[in-house]
Each structure stands twice: as C-alpha cells, then as structure tokens.
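Here is the naming used below: chain letters follow the sequence lines, and residue numbers restart at 1 for every chain.
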2 protein chains.
Amino acid sequence: MSRSQPRKRATIREVAQATGLSPAAVSYALRGMQVSEETIERVRQAAAELGYEADPIARALASGRTGMIGLLCGSLEDLWQQSLAVGIGRALREKDRYALILDAAGDPARERTLARQLRDQRVDGMIVQPVDPAAQMWGELAETVPVVAIGDALADARTAGEVVFDNRRGVTLALEYLRDRGHHRIAVLTPTRPSTPDRPADLHVTAEADRLGLDIEVVNAPHGLPAITDTARALLSGASRPAAAFCFSDFIAYGVYAAAAEAGLRVPEDVSIMGYDDHPMSGLLTPGLTTVNWDIDGIVRAAVRLVAAAADGQVRRRRIIQAPELCERGSVLSRR
Amino acid sequence: MSRSQPRKRATIREVAQATGLSPAAVSYALRGMQVSEETIERVRQAAAELGYEADPIARALASGRTGMIGLLCGSLEDLWQQSLAVGIGRALREKDRYALILDAAGDPARERTLARQLRDQRVDGMIVQPVDPAAQMWGELAETVPVVAIGDALADARTAGEVVFDNRRGVTLALEYLRDRGHHRIAVLTPTRPSTPDRPADLHVTAEADRLGLDIEVVNAPHGLPAITDTARALLSGASRPAAAFCFSDFIAYGVYAAAAEAGLRVPEDVSIMGYDDHPMSGLLTPGLTTVNWDIDGIVRAAVRLVAAAADGQVRRRRIIQAPELCERGSVLSRR
DNA sequence: CGGCGTTGGTGAAGCGGTTCACTGAAACGT
DNA sequence: ACGTTTCAGTGAACCGCTTCACCAACGCCG
C-alpha cells in the first residue's frame with residue numbers, strides 16, 4: 001500500500017545517530033537498563049526532539065510481548081459483560097496495558113477460533129469469560145499464554161488464575177428467597193451452554209430445588225435480547241405459567257420484563273422475576289429487579305491483578321472466589 | 001521472558017523446506033498470488049500438516065497492515081456507545097477484520113494519546129466517536145491512516161469519511177415535540193465537550209429554542225452514570241425545576257430517571273424526559289423513554305463500510321448523513 | 001601489580017514475515 | 001526461427017526493535 005507518508009517516523013537508528021550511540025544502547029536507555037543515568041537523559045532528549053517513539057509492532061516481534069491483554073467475552077451483547085469489558089479496559093489502562101476485546105457471541109466454535117487468534121496476536125495474557133469452560137483447548141492455550149477465567153473455572157487447571165463465582169451460594173440465595181416468599185413453580189432461564197449440559201451450577205440448581213421442594217423448569221435462553229424476549233414470551237404465554245422466573249443474568253431478566261409488558265402481565269403481581277448480576281439498569285426498572293449482586297468492581301480488579309501478575313512472569317496461580325449478595329428490590333411478590 | 005514453549009510454532013521457512021519452495025513462494029501461495037494453482041494446493045497441504053499459520057505480528061511489521069480497525073469511543077460508559085462498539089465489532093468480523101476498542105472516558109487529552117497509540121499499532125483504519133471533533137490532531141492522523149468519524153464531523157476534512165447525525169433535524173424534532181405538548185421551560189443536558197462550547201449542535205439548540213419561543217437552560221452532563229445522576233439531582237431539586245429535560249443521549253436520560261425516582265418525582269407528571277439515542281433499554285423503563293432514534297444498525301454498517309473501503313485503499317471519501325426519527329413512548333406529559 | 005568483578009557500551013544476529021528486482025522457461029506472434 | 005511477453009518462482013534486502021555474546025576500561029583487593 002503506497003499511502004502517502006508525510007514524513008516517516010523516526011527510527012531507533014536515527015536516535016542512535018543523533019546521540020552518537022549504538023541502536024542497542026538507545027534501546028536499553030529508553031527502557032532504563034544497563035546504561036548510565038547520563039546517557040539515559042541524553043537519549044531521552046534526542047528522542048523527544050526527533051519525536052521518536054518505539055514502534056510497538058517491531059517491539060512485539062523482537063521481544064514477543066505486546067503489552068496487550070486479550071479479553072474474550074462469551075456474549076458481549078449481555079449488558080453485564082459490557083460493563084465488565086469497560087471496567088477491565090479501564091483497569092488495564094492504569095497498568096499501562098490495554099485490552100483487545102473479542103466477542104464469541106455465544107458460539108463455542110467461534111470462541112475457539114478467537115482464543116487462538118488472541119494467542120497469535122501475542123497478547124501477554126488473556127481474560128476469558130468462557131462460553132464453554134470444558135473445552136480442552138484452554139489447557140493447551142494456557143501453556144503458551146497466561147489465561148485468567150472469570151465466572152466458571154476452566155476444566156483444565158493450567159490457567160494462571162481464576163475469579164470464580166460462588167454459584168452454589170448464589171443459587172441458594174436466590175432460590176431460598178423465592179421459596180420464602182411462597183413461590184414454588186419456578187422457571188430457571190440459563191444462558192445456552194452447549195458442551196456441558198451438566199455443568200456444576202446447573203446441577204446445583206436442581207439439587208437445591210429438590211432440597212427446597214421447588215418445582216423447577218430449566219429453560220435455555222438464547223443469545224441476544226430479541227431472542228431472549230421470544231423465549232420469555234413463549235414461557236409466559238404457555239398454559240402453565242410459572243409463578244416466578246429466575247434468570248441467570250440480569251440481561252435475561254430484561255427480556256422477561258419485555259415479554260411480560262407485551263403480554264400485559266404485571267410484575268410482580270402476575271409474575272415474579274429474579275436476576276443474577278446487578279447491572280446498573282436493574283435499579284431503574286419498574287419495579288426494580290431483585291437480583292444477586294456480584295461486586296463487579298471486585299471482579300474486575302481481581303482479574304486484572306491476576307492477569308497482570310502472570311503477564312509479568314509472576315506465577316502465583318490463584319483462585320479467587322466471589323461471594324454473592326442478595327439485592328432486594330421490587331420484582332418478587334411475597335405470597336405470604 | 002522464558003515462558004516454556006511446548007513446541008515452537010512452525011515458521012514460513014519450515015513450510016518452504018517441506019515443499020521444496022522458497023519462503024517467498026510460500027508467502028505468495030498462501031495469499032493466492034503469482035503462483036500456480038498446483039503449488040498453492042501443495043503449500044496449503046504442507047501448511048495444514050505443520051499446523052502453520054502466519055504470524056500476524058511479523059506480517060504487520062513487514063507489510064504495514066494488521067487487519068485491525070481501531071475503534072476510539074468518546075465515552076464507553078454510555079450504553080449506546082457500548083451498543084455501537086458491539087455492533088461494529090460484529091460487523092467487522094464479517095469482513096475478516098477485528099476491532100481494537102479504546103475508551104477516551106470523556107477526556108480529550110486521553111483521546112489524543114489513544115488516537116496516536118492506535119496509529120502506532122498500525123491499525124488499517126479507525127472509527128472514532130470524537131470527544132473533541134475540533135482537535136487539529138485528526139487531520140494529521142488522517143494523513144497516515146484512514147479515519148471515519150461517527151456523530152460529529154471532524155473539523156479537518158482529510159478524513160476517509162464520516163457518518164454524521166443530522167443533529168439539526170434531531171434537535172428540531174425533539175424541541176418541537178416538547179413545545180407541541182406545552183413545555184416551555186426546558187433543561188438541555190449535553191455531554192461535556194471541552195474544546196468547542198459553540199459546536200454546531202449546541203448553537204442549533206439555542207437557535208431553535210429562540211424560534212420556538214422556548215426557555216432553555218443548557219447543562220453539562222459529566223461522564224459516568226453516578227455523576228450524571230448527581231447533576232440531574234441538583235437540577236431537579238433546584239428552586240425552579242424545569243418542566244422537561246431534553247437529554248443528548250438516552251444514557252443521560254437514565255440518570256435523570258434515577259434522580260427523579262430518588263426525589264419522589266413522577267415521570268412524566270412532575271417532570272418530562274426526552275432522550276436522544278434509542279437504546280434497547282429505553283423501551284423497558286416505566287414510562288418508556290420518548291426519544292430520537294438513530295438507526296444504530298445503519299450507522300454501524302455505514303461506518304464499517306466506509307472504513308473497510310478506505311483500509312483497502314479505495315478512496316471514495318463520503319459523508320453519510322443519518323436522519324433521525326422520533327420514537328414516542330411515555331416520558332413526556334402532554335399539557336394540552 | 002596481576003587477576004577479577006563491575007559498569008557502560010558495541011555489533012550483529014535474530015524475530016517471521018513481505019516485497020522488489022530479477023531469471024529461466026514456456027507461450028506467443030509473425 | 002527469433003524477439004517479446006507472460007508466468008512461476010527465487011534471493012536477498014528489508015520492516016524496526018531486542019538481545020546475546022563480547023569487549024574495553026575502571027576500580028578494588030590482597
């Protein structure tokens with residue numbers, strides 16, 4: 001491509017020439033290694049005058065590091081994951097890194113492709129919110145680049161760390177809350193997770209339902225708000241409408257609100273709704289969404305800390321467990 | 001960094017050796033240029049067997065192109081900009097490109113830094129939603145890399161294209177709607193835009209207000225939902241509460257909803273609210289937010305088309321003007 | 001004073017591709 | 001049969017930085 005180049009960027013060799021040093025010395029100086037304070041200063045000056053700034057691509061090729069952290073989201077359409085991405089992007093900036101954000105759009109095949117792509121891009125580390133935590137690819141990947149998982153733990157234990165949600169606790173919290181208010185017929189809307197129908201959280205849902213004597217129907221919520229709304233519509237207009245819908249993400253709950261409004265059903269009088277993230281918008285709905293809060297700031301900080309440490313070569317693999325908290329607003333009716 | 005490398009990735013030279021060709025031939029073959037069909041096939045085979053895939057970094061250094069498009073958002077906390085980013089990411093994937101998303105967080109200085117950083121990353125093009133459309137940096141930048149602006153046109157005309165909102169029309173639509181419903185004292189909440197207090201859209205607001213005989217108060221809405229809510233709270237609790245708030249983005253309107261709820265004010269009976277984006281959540285609020293709709297899909301497609309064309313070296317610079325549409329829901333009271 | 005460990009610096013070989021200038025052979029026109 | 005185009009493919013020079021091995025000079029110490 002012969003794009004007109006006004007004046008070519010200064011290279012390290014020009015700086016070397018200007019200072020009478022070797023390129024190697026300049027390279028070291030700019031990173032503050034192995035050279036005297038005096039030359040460091042001299043190089044800085046010259047670089048500033050020439051408007052020199054190291055080319056990140058060349059640097060990446062030579063050193064194998066890019067300063068980028070890959071963020072692979074399972075479903076970026078979900079507002080909570082958007083919040084997470086924004087938060088992570090911001091937190092990384094404070095560490096002089098930045099995020100390469102990719103979106104698997106709920107598709108495990110795409111997730112695999114994108115994960116490899118990130119590795120090829122030489123990200124220094126990656127944070128993933130896996131669609132398919134059981135894929136064996138994660139293990140291979142983790143041998144090349146530090147991987148930090150958010151949400152579910154990856155099946156393969158070679159990761160650099162994970163920020164795991166205590167879903168058992170979260171589920172218990174939500175289901176007990178619903179039972180205490182007299183709900184028994186409950187629809188559980190979970191995001192579609194292709195590979196593992198028997199993932200721990202789902203198992204725990206049925207186990208807890210048994211324990212609490214609840215009558216549960218698990219429904220797969222597809223990807224994207226319109227599709228979720230369709231699913232919810234079918235659910236609410238069915239012959240045997242459940243008393244409450246427990247949604248495995250606030251975003252899914254928004255689809256239920258929409259479907260309820262369309263069907264002329266009142267929340268919570270006709271149907272109770274419970275969420276699972278606590279997204280900022282949940283408090284603005286009418287009624288406010290009662291949900292399980294996951295301290296997004298804490299998650300962001302933990303994930304960024306883990307991945308940054310791993311990217312810097314520190315190896316302390318850690319599993320950080322997030323405890324949920326019930327956030328009561330008005331979307332669940334008390335039948336007692 | 002001595003990260004354990006299980007087995008090094010295959011390089012182009014190994015593929016060359018395996019096929020008995022030169023690296024150059026392999027390079028051409030894999031891109032389907034200048035070589036016979038037969039060798040292309042042979043190279044493909046060998047590459048597949050060796051698990052070879054071209055290293056994007058090395059490729060970028062040698063060719064100067066990365067396949068990435070930079071997306072620089074003015075304020076990624078704004079939900080509508082999040083939607084835009086998700087949409088653009090998705091649309092780019094269909095063109096075998098991907099987005100490097102950066103967030104200026106409403107700060108023009110950061111915007112400048114990040115824009116340069118994108119250029120240094122050798123993105124093939126960038127899409128910006130400028131905080132400061134008047135910065136002269138855009139012009140310089142556009143000489144090196146194609147820039148497509150969304151929202152406001154950039155002051156410098158060297159861009160590769162722009163998707164401009166017809167803000168005059170949008171403002172007129174909104175203000176006439178409010179006037180027709182008997183509102184005269186109107187607060188206008190605009191995002192803080194540091195460099196140009198007299199940007200066209202703002203000027204048009206006051207001009208239209210004059211024409212329509214409205215009593216307008218322009219308020220700067222800061223960055224981030226909590227800060228917006230604070231601003232709105234101050235506005236609503238003031239001695240002379242306006243009859244209606246016209247917010248220059250739905251996200252700002254959400255802050256007004258929040259402040260109104262806190263203050264025990266009913267929407268629209270006590271205060272009317274009008275938005276400007278039409279984000280999916282706006283229909284879920286109670287009452288639904290009456291807003292100006294900007295066909296986000298059209299914007300995404302237009303921007304991606306423009307930037308992709310420019311990145312491929314086609315030079316048809318174009319300005320695409322987006323027409324707004326009024327989307328009436330229930331957040332504006334009719335006083336007639 | 002000779003050997004030794006630092007300190008500050010150099011040269012050249014990469015990193016893994018792309019691309020330009022060139023060549024040998026085949027195809028072509030007359 | 002001969003000069004001229006194509007076509008397929010080659011070698012080597014990059015792209016701009018990092019890093020490894022090595023070196024000279026300079027104390028320092030017994």
Side-chain angles (χ1 to χ4, degrees), chain A residues 1-3 5 7-44 46-47 50-68 119-122 124 144 313, chain B residues 1-3 5 7-44 46-47 50-68 119-122 124 144 313:
Chain A
M1 194 81 309
S2 65
R3 190 125 48 234
Q5 266 153 316
R7 43 184 197 296
K8 283 185 51 179
R9 291 170 58 98
T11 77
I12 201 172
R13 278 174 253 267
E14 296 175 43
V15 179
Q17 206 137 32
T19 51
L21 290 168
S22 68
V26 174
S27 171
Y28 286 129
L30 288 173
R31 286 171 299 153
M33 304 163 53
Q34 293 199 20
V35 280
S36 67
E37 282 299 329
E38 190 210 317
T39 38
I40 289 188
E41 193 43 41
R42 195 148 51 96
V43 169
R44 288 244 167 87
L50 292 171
Y52 170 79
E53 223 156 328
D55 179 333
I57 303 270
R59 177 173 283 185
L61 181 60
S63 71
R65 340 195 64 231
T66 55
M68 286 205 251
R119 186 237 298 139
D120 292 350
Q121 275 294 334
R122 300 261 215 299
D124 293 349
T144 315
Chain B
M1 193 81 310
S2 66
R3 192 122 48 231
Q5 266 153 317
R7 42 184 197 297
K8 284 185 50 178
R9 291 170 59 100
T11 77
I12 201 172
R13 282 174 242 268
E14 296 175 45
V15 180
Q17 205 136 34
T19 51
L21 291 168
S22 69
V26 175
S27 171
Y28 288 129
L30 289 173
R31 285 171 300 151
M33 304 162 55
Q34 293 201 18
V35 280
S36 68
E37 283 299 328
E38 189 210 318
T39 39
I40 289 187
E41 194 42 42
R42 196 149 50 96
V43 169
R44 288 245 168 85
L50 292 171
Y52 170 79
E53 224 157 326
D55 179 333
I57 303 270
R59 178 173 284 184
L61 181 60
S63 70
R65 342 194 62 230
T66 55
M68 285 205 250
R119 185 239 296 141
D120 291 351
Q121 276 294 329
R122 299 261 214 298
D124 294 349
T144 315

Using the side-chain heavy atoms of [X], tell me which of these nucleotides is nearest: [options].
X      : options                   : result
S63(A) : dG16(D), dG17(C), dT19(D) : dT19(D)
L61(B) : dG16(C), dG8(C), dA12(C)  : dG16(C)
A62(B) : dT18(C), dT10(D), dG16(D) : dT18(C)
V35(A) : dG17(C), dG9(C), dC17(D)  : dG9(C)
S36(A) : dT10(C), dG8(C), dG17(C)  : dG8(C)
Y28(A) : dG11(D), dT18(D), dC20(D) : dC20(D)
I12(B) : dG17(C), dG16(D), dT19(D) : dG17(C)

If you look at every heavy atom in [X] and [Y], which pair is closest and at what distance?
X       : Y      : answer
D120(A) : D55(B) : O-OD1, 4.1 Å
T19(B)  : A46(B) : CG2-CB, 3.5 Å
A25(A)  : V35(A) : O-CG1, 4.4 Å

message = On DNA chain D, compare the nucleotides closest to S27(A) and T39(B); which residue's is nearer the 5' end?
response = T39(B)

task = Name the nucleic acid region contacted by A54(A), choosing base, sugar-phosphate or nothing; use a 4.0 angstrom heavy-atom cut-off, strictly under.
result =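 It contacts sugar-phosphate atoms only.
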
request  = Classify the nucleic acid contact of I57(A) as base, sugar-phosphate or nothing, counting any heavy atom under 4.0 Å across all strands shown.
outcome  =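 Result for I57(A) = nothing.
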
E37(B) CD to dG9(D) C1', straight-line distance once rounded to whole Å = 15 Å

note = Rounded to whole Å, CZ of R13(A) lies from P of dA13(D) at a distance of 14 Å

Closer than 4.0 Å, any side-chain N/O of [X] to the OP1 or OP2 of [N]?
X      : N       : result
Y52(A) : dC17(D) : yes
S22(A) : dT10(C) : yes
R31(A) : dT19(D) : yes

message = Whether the side chain of R65(B) engages the backbone of A60(B) through a donor-acceptor N/O pair (distance < 3.5 Å, no angle test) should be reported.
response =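 It does not hold such a pair.
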
